[in-house]
Protein chains: 2
Amino acid sequence: MAVIYSPIDTFLQVIKGKYKAKILIYLAARQRRYSEIKRKFPLMSERILIKQLKELEQQGIITRSVTGTKPPLKVQYQLTAYGSTVCPILKQMWFWGEQHEQQAR
Amino acid sequence: MAVIYSPIDTFLQVIKGKYKAKILIYLAARQRRYSEIKRKFPLMSERILIKQLKELEQQGIITRSVTGTKPPLKVQYQLTAYGSTVCPILKQMWFWGEQHEQQAR
DNA sequence: CAGTATCCGTTTTGATACTG
DNA sequence: CAGTATCAAAACGGATACTG
């Protein structure tokens, strides 16, 4: 990771990665199982999905909790209180995108 | 560029690149000359600076205007009205970064 | 002054077969 | 079910010498 030079980087760090912003929006409604997230983004490879979930977890944006100890595990991912604070900004980004889809092409 | 699947991508497209968000914030105050921008971000290579300015121009986020035709050119970059609409979101990203610098480490 | 051209290293992502 | 391991490909960024 690069040295952080400005507050903008602090934020960008959180959503850095091809699908992180989308994952966070998907988790905004409620917690989700690993398989749910995977199904939601069929174009994302497992390696990348896991990597981004792990990074978000390490940054304290989401938590990972396991139910069951035998092979059919149940793993849930959910936003932390801290992670939730990014949602308003993500929603604004989404809203801006909706409004400007035409110009953006 | 990838196919756009969601409004979030429409927005992320605009700030995609190591320094784009910072360049836009720097242009938010007023138009700037190429050399000013270059001096502001001494760690950014010229190739990348030009590339990102060009992309922003093609996306209609900024304009490029030239004064003078002989070798000492004067080139100014400035936000378009459309480009200005991203600033409120950039400022929120900045504000979030300031507030959460501690947690983010 | 404001770029362009070239070359190259690093980072990020993808596909897929396999495992606790 | 929820991952890991391995290998390869592509995207991205950096350095620097040169040009209109």
Side-chain angles (χ1 to χ4, degrees), chain A residues 1-6 8-9 12-24 26-27 30-59 61-78, chain B residues 1-6 8-9 12-24 26-27 31-59 62-78:
Chain A
M1 308 249 190
V3 178
I4 290 173
Y5 296 103
S6 84
I8 270 278
D9 292 311
L12 290 175
Q13 197 79 347
V14 173
I15 59 161
K16 187 180 143 210
K18 194 162 173 185
Y19 300 92
K20 267 188 203 162
K22 285 180 194 168
I23 292 171
L24 293 177
Y26 187 55
L27 292 178
R30 57 178 174 80
Q31 63 175 11
R32 309 278 187 175
R33 294 188 60 167
Y34 173 77
S35 52
E36 279 185 284
I37 305 173
K38 192 173 151 187
R39 243 178 292 118
K40 177 73 178 179
F41 307 104
L43 296 178
M44 173 169 31
S45 80
E46 291 182 78
R47 201 181 71 83
I48 295 302
L49 173 53
I50 286 294
K51 183 170 168 271
Q52 305 206 339
L53 288 171
K54 206 160 261 173
E55 285 171 9
L56 289 168
E57 192 191 351
Q58 280 168 4
Q59 292 175 108
I61 304 294
I62 64 175
T63 57
R64 172 182 180 275
S65 56
V66 188
T67 309
T69 144
K70 291 302 166 195
L73 299 178
K74 183 175 179 181
V75 178
Q76 302 258 20
Y77 291 93
Q78 76 179 305
Chain B
M1 304 251 189
V3 178
I4 289 174
Y5 297 103
S6 85
I8 270 279
D9 292 311
L12 290 175
Q13 197 78 345
V14 172
I15 59 161
K16 186 179 142 212
K18 194 163 173 184
Y19 300 91
K20 266 188 204 162
K22 285 179 192 168
I23 292 171
L24 293 176
Y26 187 55
L27 292 178
Q31 63 175 10
R32 309 279 188 175
R33 293 188 60 166
Y34 173 77
S35 52
E36 278 185 284
I37 304 173
K38 193 173 153 187
R39 242 178 293 119
K40 177 72 177 180
F41 306 104
L43 295 178
M44 172 170 32
S45 79
E46 293 182 76
R47 199 180 71 84
I48 295 303
L49 173 53
I50 286 294
K51 183 168 168 273
Q52 305 205 339
L53 288 172
K54 206 160 261 173
E55 285 171 10
L56 289 168
E57 192 191 350
Q58 281 167 4
Q59 293 174 108
I62 64 176
T63 57
R64 172 182 179 276
S65 56
V66 187
T67 307
T69 145
K70 290 302 166 196
L73 299 178
K74 183 175 178 181
V75 178
Q76 303 259 20
Y77 290 93
Q78 76 179 305

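These figures come from a predicted structure and were not determined experimentally. Throughout, protein chains are lettered first and strands after them, A, B, ... in sequence-line order, and every chain is numbered starting at 1. The figures here come from the full heavy-atom set of this structure, side chains too, leaving out hydrogens, waters and symmetry mates.
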Item to check | From dC1(D), dT16(D), dG20(D), nucleotide with atom closest to Pro72(A) side chain | outcome: dC1(D)
Checklist entry - Distance check: side-chain N/O of Tyr19(A) vs OP1/OP2 of dT12(C), anything under 4.0 Å? => result no
Checklist entry - Distance check: side-chain N/O of Arg64(A) vs OP1/OP2 of dA2(D), anything under 4.0 Å? => result no
Checklist entry - How many Å lie between CZ on Phe41(B) and P on dA15(D), as a whole number? => result 16 Å
Item to check | Minimum side-chain heavy-atom gap Leu49(A)-Lys38(A) below 4.5 Å | outcome: yes
Next on the checklist: Less than 4.0 angstrom between a side-chain N/O of Tyr77(A) and OP1 or OP2 of dC1(D), yes or no?
Outcome noted: no
Checklist entry - So what does Lys38(B) hit on the nucleic acid, given a heavy-atom distance under 4.0 Å: a base, only sugar-phosphate, or nothing? => result nothing
Next on the checklist: Under a 3.5 Å distance rule, please check whether Lys20(B) uses its side chain to pair with a backbone N or O of Lys16(B) as donor and acceptor.
Outcome noted: yes
Checklist entry - dA2(D), dG3(C), dC1(D): which one has an atom nearest the side-chain heavy atoms of Lys54(B)? => result dG3(C)
Next on the checklist: Give the dot-bracket line for DNA chain D from 5' end to 3' end: parentheses for intra-strand Watson-Crick or G-U pairs under 3.5 Å, square brackets for crossings, | for inter-strand pairing, dots for unpaired.
Outcome noted: ||||||||||||||||||||
Checklist entry - Under 30°, 30 to 60°, or over 60°: which ring-plane class applies to Tyr19(A) and Phe41(A), parallel, tilted or perpendicular? => result tilted
Next on the checklist: Rounded to the nearest 0.5 Å, what separates atom NZ in Lys54(B) from atom CZ in Arg64(B)?
Outcome noted: 7.5 Å
Next on the checklist: Can you see whether Tyr26(A) has Arg32(A) sitting over its ring - NZ or CZ less than 6.0 Å from the centre and within 45° of the normal?
Outcome noted: yes
Item to check | Lys51(B) and Glu55(B) ion-paired at < 4.0 Å | outcome: yes
Next on the checklist: Any non-hydrogen side-chain atom of Leu73(B) less than 4.5 Å from a side-chain atom of Tyr34(B)?
Outcome noted: no
Checklist entry - Where the side chain of Glu46(B) is concerned, which of dA15(C), dT16(D), dC1(C) is the nearest nucleotide? => result dT16(D)
Protein-nucleotides 8-12 of chain D N/O pairs closer than 3.5 Å?
{"unit_1": "dC12(D)", "atom_1": "OP1", "unit_2": "Lys16(B)", "atom_2": "NZ", "d": "3.0"}

Next on the checklist: Looking at dA2(C), I'd like to know if its phosphate oxygens (OP1 or OP2) sit under 4.0 Å from a side-chain N or O belonging to Ser35(B).
Outcome noted: yes
Checklist entry - If we only count heavy atoms from C-beta on, is the Val66(A) to Lys74(A) side-chain gap below 4.5 Å? => result no
Next on the checklist: Here's a test of your reading of the structure: between Met44(B) and Ile50(A), which maps to the more 5' nucleotide of DNA chain D?
Outcome noted: Ile50(A)
